[in-house]
Engineer: 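Once you've had a glance at the structure underneath, I'll fire off some questions.
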Amino acid sequence: IRTYGFAITGNGSSGYGNVDLDINGGTLVSYASLGVYHPQVGNMTVDGNAEIRGTTGIEMRAGSLTVNSGNIFGSDKPTVSNSNDNGPSTSGAGIAIAQHTSKMPISVTINGGVISGNTALFEKNVENNDGSDVEKIDIAISGGTFNAIGENSTSLDIGDHTVADLNITGGQYSTEVPKDYFDSEYNLWKNPDGSYQIA
């Protein structure tokens with residue numbers, strides 16, 4: 001699928017129910033918008049040799065995402081994120097996590113794959129939701145490669161990590177990861193190629 005709009009999108013309006021989406025291969029490209037816009041309740045899995053590209057690869061505003069493999073690309077242009085109660089909020093991220101005004105839970109689990117963007121994985125409370133709502137966001141990273149591309153780029157920017165439930169136990173990162181993103185029993189190691197890994 002190649003398009004100038006969303007390659008795949010759901011509907012976050014009340015009453016639309018759960019939507020499960022499995023992407024096990026193929027290419028999803030948006031030249032001017034998001035690869036996947038996910039504002040609805042439901043479970044999405046990315047696996048196989050799937051390739052997802054857009055101004056942001058995937059934006060999660062509700063629901064669950066599990067990435068086991070594949071390649072997810074966002075723009076190398078600076079990451080921008082703004083409030084939007086009827087559409088996407090973020091550009092320049094591989095994966096963006098931005099809870100909607102619907103205040104639904106979000107769960108993102110990264111077990112593998114390659115995620116690239118000006119910010120590879122980005123989370124922000126764009127709607128200024130209450131802390132009790134943002135606490136419904138769970139982020140778990142046990143593997144995967146997070147590539148920061150473009151000027152002033154970063155592998156991880158988890159803006160609300162003090163209230164989001166973080167479980168970061170692995171992964172390889174092209175930029176240094178703040179130590180308060182992962183438990184003290186883990187270490188951040190610098191590899192000979194200049195990348196970092198948590199182990």
Engineer: Within the supplied structure, the quantity of interest is the number of heavy atoms (other residues, nucleotides, ligands) at a distance under 6.0 Å from Asn152 CG; does it exceed 12?
Structural biologist: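 Not buried by this count: 12 neighbours or fewer within 6.0 Å.
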Engineer: Test side chain to side chain contact (heavy atoms under 4.5 Å, CB included) on Phe182 and Leu166; report intermediate values, then the result.
Structural biologist: CA-CA 7 Å; Phe182 54 92; Leu166 297 182; over 6 Å; no
Engineer: Does the side chain of Glu127 pick up a donor-acceptor pair with the side chain of Ser83 at under 3.5 Å?
Structural biologist: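 Yes, a side-chain donor-acceptor pair sits under 3.5 Å.
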Engineer: For Thr119, does its backbone N or O pair with a side-chain atom of Thr154 as donor and acceptor, under 3.5 Å?
Structural biologist: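 No, because the side chain of Thr154 does not come within donor-acceptor range (under 3.5 Å) of the backbone of Thr119.
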Engineer: State plainly whether one hydrophobic cluster holds both Val29 and Ile58, where clusters connect Ile, Leu, Val, Met, Phe, Trp and Tyr through side-chain heavy atoms under 4.5 angstrom apart.
Structural biologist: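 Different clusters: Val29 never reaches Ile58 through Ile, Leu, Val, Met, Phe, Trp or Tyr contacts under 4.5 Å.
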Engineer: Enumerate the residue pairs fulfilling ring pair (Phe, Tyr, Trp, His ring centres under 6.0 Å) with a member in residues 69-89, sequence neighbours excluded, ordered by first and then second residue.
Structural biologist: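 Qualifying pairs, neighbours excluded: none.
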Engineer: Give a yes or no on whether the backbone of Ser33 and the side-chain of Tyr4 come within a donor-acceptor separation of less than 3.5 Å.
Structural biologist: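 No, the answer is negative, given that no donor and acceptor are paired below the 3.5 Å cut-off.
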Engineer: Ignoring hydrogens and angles, tell me if any N or O in the side chain of Lys136 forms a donor-acceptor pair with the backbone of Lys103 under 3.5 Å.
Structural biologist: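 Here the side-chain-to-backbone pair exists.
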Engineer: Would you name the heavy atoms of Tyr186 and Thr169 that are closest together and state the gap between them?
Structural biologist: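 Closest pair (atom of Tyr186, atom of Thr169, distance): OH-CG2, 3.4 Å.
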Engineer: Does a donor on one side chain and an acceptor on the other come within less than 3.5 Å for Asn111 and Ser142?
Structural biologist: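 Per modelled atom types, Asn111 and Ser142 side chains form a pair under 3.5 Å.
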Engineer: Could you give all pairs that pass the side-chain hydrogen bond (donor to acceptor under 3.5 Å, both in side chains) test and reach residues 84-100, with sequence neighbours left out?
Structural biologist: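 Checked against side-chain hydrogen bond (donor to acceptor under 3.5 Å, both in side chains) - neighbours excluded - the pairs reaching residues 84-100 are Glu59-Ser89, Ser81-Thr90, Gln99-Asn129.
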Engineer: Establish, from distance only, whether the side-chain atoms of Thr45 and Asp47 form a donor-acceptor pair under 3.5 Å.
Structural biologist: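 The criterion, which ignores hydrogens and geometry beyond distance, is not satisfied for Asp47 and Thr45.
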Engineer: Are any side-chain N or O atoms of Ser75 and backbone N or O atoms of Lys77, one a donor and one an acceptor, separated by less than 3.5 Å?
Structural biologist: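 Checking the backbone N and O of Lys77 against the side chain of Ser75, a donor-acceptor pair under 3.5 Å is found.
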Engineer: Which atoms form the tightest heavy-atom contact between Gly57 and Ile72, and what is the distance?
Structural biologist: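 Shortest heavy-atom contact: CA-CG2, 4.0 Å.
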Engineer: How long is the straight-line distance from CG of Asn147 back to OG of Ser155, given to the nearest 0.5 Å?
Structural biologist: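 Result: 7.0 Å between the selected atoms.
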Engineer: Using a 3.5 Å distance criterion without hydrogens, assess whether the side chain of Arg53 forms a donor-acceptor pair with backbone atoms of Thr27.
Structural biologist: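 No, because the side chain of Arg53 does not come within donor-acceptor range (under 3.5 Å) of the backbone of Thr27.
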Engineer: Please tell me whether Val80 and Phe122 are part of a single hydrophobic cluster in this structure, the criterion being side-chain heavy atoms less than 4.5 Å apart.
Structural biologist: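 No, Val80 and Phe122 fall in different hydrophobic clusters.
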Engineer: Not counting sequence neighbours, which residues clear side chain to side chain contact (heavy atoms under 4.5 Å, CB included) with Gln172? List them please.
Structural biologist: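 Listed in chain order: Thr145, Asn191, Asp193, Ser195, Gln197.
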Engineer: Say you draw a straight line from CG of Asp157 to NZ of Lys124; how long is it, rounded to the nearest 0.5 Å?
Structural biologist: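 Nearest 0.5 Å value for the CG-NZ distance: 9.0 Å.
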Engineer: Is there side-chain contact between Ile141 and Leu156, with heavy atoms separated by less than 4.5 Å?
Structural biologist: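 Ile141 reaches Leu156 side chain to side chain.
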Engineer: Can you tell me how far apart OG1 (Thr9) and OH (Tyr37) are? Round to the nearest 0.5 Å.
Structural biologist: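 Interatomic distance, Thr9 OG1 to Tyr37 OH, rounded to 0.5 Å: 6.5 Å.
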Engineer: Go through the steps for Asp20 and Asp22 under the test side chain to side chain contact (heavy atoms under 4.5 Å, CB included), then give the verdict.
Structural biologist: CA-CA 7 Å; Asp20 290 337; Asp22 292 321; 5.8 Å; no
Engineer: For the side chain of Asn118 and the backbone of Thr79, is there at least one donor-acceptor N/O pair under 3.5 Å apart?
Structural biologist: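 Answer holds: yes.
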Engineer: Following the transitive rule for hydrophobic clusters with a side-chain heavy-atom cut-off under 4.5 Å over Ile, Leu, Val, Met, Phe, Trp and Tyr, establish whether Met60 and Ile168 coincide in one cluster.
Structural biologist: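 Yes; Ile168 is reachable from Met60 via cluster members.
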Engineer: Considering non-hydrogen atoms only, spot the tightest contact between Ala7 and Ser30 and give its length.
Structural biologist: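 The answer is N-CB, 4.4 Å.
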Engineer: Is Val36 reachable from Leu34 through a run of I, L, V, M, F, W or Y residues, each pair having side-chain heavy atoms under 4.5 Å apart?
Structural biologist: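 Cluster IDs for Leu34 and Val36 differ.
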Engineer: With distance as the sole test, does His38 use its side chain to make a donor-acceptor pair with the main-chain N or O of Ala62 at under 3.5 Å?
Structural biologist: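 Flag set: sc His38 to bb Ala62 pair under 3.5 Å.
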Engineer: Let me confirm one number: the CE-CD1 distance from Met44 to Ile23, rounded to the nearest 0.5 Å.
Structural biologist: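 Taking CE in Met44 and CD1 in Ile23, the distance rounds to 5.5 Å.
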Engineer: Quick one: closest heavy-atom pair of Val126 and Ala98, and the distance?
Structural biologist: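 Heavy atoms of Val126 and Ala98 come nearest at CG2-CB, 3.9 Å.
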Engineer: Does any donor atom in the side chain of Thr109 or Thr66 lie under 3.5 Å from an acceptor atom in the other side chain?
Structural biologist: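 No - no donor-acceptor pair under 3.5 Å links their side chains.
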Engineer: Are Ile115 and Ile158 linked, directly or through intermediate hydrophobic residues, by side-chain heavy-atom contacts shorter than 4.5 Å (ILVMFWY only)?
Structural biologist: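 Result: yes, single cluster for both.
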Engineer: Run Asp138 and Asn167 through side chain to side chain contact (heavy atoms under 4.5 Å, CB included) and show every step you take.
Structural biologist: CA-CA 8 Å; Asp138 295 326; Asn167 183 18; over 6 Å; no
Engineer: For Val46 and Ile52: C-alpha separation, side-chain torsions, deciding distance, then whether side chain to side chain contact (heavy atoms under 4.5 Å, CB included) applies.
Structural biologist: CA-CA 9 Å; Val46 179; Ile52 301 171; 4.0 Å; yes
Engineer: Please work out whether the ring planes of Tyr173 and Phe146 are parallel, tilted or perpendicular, with thresholds of 30° and 60°.
Structural biologist: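 Plane angle under 30°, so parallel.
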Engineer: Got a second to check how far Ile137's CD1 is from Asn125's CG, nearest 0.5 Å?
Structural biologist: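 One finds 7.0 Å between CD1 of Ile137 and CG of Asn125.
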Engineer: One pair to check against side chain to side chain donor-acceptor pair (under 3.5 Å): Asp130 and Ser132. What are the steps and the verdict?
Structural biologist: CA-CA 5 Å; Asp130 291 340; Ser132 59; 4.9 Å; no
Engineer: Once you round to the nearest 0.5 Å, how far does CD1 of Ile95 lie from CG of Leu121?
Structural biologist: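 The CG atom of Leu121 is 6.0 Å from CD1 of Ile95, to the nearest 0.5 Å.
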